Amino acid sequence: MTNVSPREQLARQLAEAVAEALRADLEHDDHALLVVSGGSTPVPFFTALAACRLPWERVQVTLADERWVAETADDSNARLVREHLLCGPAAAATFVPLTSDHSTPEQGAEVVAERIEALAWPASVVILGMGGDGHTASLFPDSRELDLALSTDATTVAVRTPSQPQPRITLSAERLHQARRHFLHITGGDKRAVLARALAGDDVRELPIRAFLACPLATYWAP
Ligand SMILES: O=C(O)[C@H](O)[C@@H](O)[C@H](O)[C@H](O)COP(=O)(O)O
């Protein structure tokens with residue numbers, strides 16, 4: 001038995017659950033939509049999911065949020081997806097990024113929204129991450145667009161926040177709720193403590209992850 005770390009085991013278990021969900025939906029739908037988050041946590045999950053046997057040509061992939069940077073930039077979530085998930089057979093999936101040629105997310109938000117709205121909603125799966133400040137996607141507590149992102153029925157919202165170096169674009173909470181299944185993928189003691197605080201209170205503006213605690217949320221956590 002190889003010595004597999006708890007985080008690697010978690011990534012593999014999450015990948016199996018997501019693959020199973022996609023297969024179940026593809027039994028009765030032509031396409032299945034997977035919405036993933038960026039950051040660092042998802043990398044082993046992406047690698048494990050890419051190795052799963054799926055009719056990838058019928059899977060659509062998009063992002064919950066994105067930094068408004070070129071796809072060649074180190075901190076591009078689209079780059080992370082292309083490098084770690086869309087590999088091997090999974091390269092046959094249809095990936096729809098969240099950036100456009102516009103110089104700002106405010107200018108690009110509408111054309112990105114149109115592109116996203118054409119996908120196979122409701123999503124089969126939304127994978128959420130969480131930051132130490134309780135943000136998820138780009139719903140940041142210190143963002144002046146938080147109230148809008150939590151209340152609008154628009155698909156995308158341009159976000160600027162003092163805590164992040166780049167402008168961002170995020171799917172709105174309303175759009176992120178349009179899914180059959182929600183998974184929260186977090187690791188480490190700090191995030192476990194933030195989740196415990198989120199579960200103990202109701203103020204969504206304080207900890208925006210709270211916007212997703214009511215929908216069934218499968219939490220995948222490892223130390
Ligand atoms: O663009 C992003 O950064 C993500 O979509 C973001 O919402 C992420 O899930 C959290 O910031 C956690 O990031 P880590 O996994 O790097 O801790």
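Because the structure is predicted, anything quoted here is derived from the model rather than measured. In each ligand, atom 1 is the first atom listed, and ligand 1 is the first ligand listed. Counting begins at 1 with the first residue of the sequence.
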Indicate every side-chain donor-acceptor pair of residues 216-223 with a distance under 3.5 Å to a residue at least two apart or in another chain.
residue, atom, partner, partner atom, Å
Trp221, NE1, Gly188, O, 2.8

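- Looking at atom 15 (O) of ligand 1, its nearest protein heavy atom turns out to be Thr41 OG1, 2.6 Å.
- Between Thr136 and ligand 1, not a single N/O pair is under 3.5 Å apart.
- At the shortest separation from atom 7 (O) of ligand 1 among protein heavy atoms lies Ala137 O, 2.7 Å.
- Nearest protein heavy-atom contact of atom 9 (O) of ligand 1 is Gly129 CA, 3.4 Å.
- Protein heavy atom closest to atom 3 (O) of ligand 1, with residue, atom name and distance, is Arg67 NH2, 2.7 Å.
- Of the N and O atoms on the side chains of Glu174 and Ser172, not one donor lies less than 3.5 Å from an acceptor on the other residue.
- Ligand 1 has no N or O atom lying under 3.5 Å from any N or O atom of Gly131, backbone or side chain.
- For Glu110, the CD atom is loosely surrounded, since the number of other residues' heavy atoms within 6.0 Å does not exceed 12.
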**Asked** Yes or no on side chain to side chain donor-acceptor pair (under 3.5 Å) for Ser5 and Gln9, after CA distance, side-chain angles and deciding distance?
**Response** CA-CA 6 Å; Ser5 73; Gln9 286 178 48; over 6 Å; no
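- Protein heavy atom at the shortest distance from atom 12 (C) of ligand 1 is Met130 O, 3.5 Å.
- Atom numbering of ligand 1 starts at 1 in the shown order; those under 4.0 Å from a heavy atom of Asn77 are 1 (O), 2 (C).
- At least one side-chain heavy atom of Val81 sits under 4.5 Å from a side-chain heavy atom of Leu63.
- The side-chain tip of Arg160 does not point at the ring of Trp68 from less than 6.0 angstrom away and within 45° of straight on.
- No more than 12 heavy atoms of other residues, nucleotides or ligands shown are found within 6.0 angstrom of CG on Asp190.
- Closest to atom 5 (O) of ligand 1 among all protein heavy atoms lies Asp65 OD1, 2.4 Å.
- Closest to atom 13 (O) of ligand 1, if we only count protein heavy atoms, is Gly39 CA, 4.0 Å.
- Not close to ligand 1: His185, with no non-hydrogen atom less than 4.0 angstrom away.
- The 12-atom threshold is not exceeded at CZ of Arg192, counting heavy atoms of other residues, nucleotides or ligands nearer than 6.0 Å.
- Polar contact with ligand 1: present for Gly38 (N/O pair, distance under 3.5 Å).
- For the residue pair Glu117 / Thr155, a side-chain donor-acceptor distance below 3.5 Å is found, with atom types taken as modelled.
- Under 4.0 Å is where a charged nitrogen must lie from a carboxylate oxygen, and between Arg180 and Asp25 at least one such pair does.
- Every atom of ligand 1 is numbered from 1 in the order shown, and the set under 4.0 Å from a heavy atom of Lys191 is 12 (C), 14 (P), 15 (O), 17 (O).
- For atom 11 (O) of ligand 1, the nearest protein heavy atom (residue, atom name, distance) is His135 NE2, 2.7 Å.
- Polar contact with ligand 1: absent for Ser37 (N/O pair, distance under 3.5 Å).
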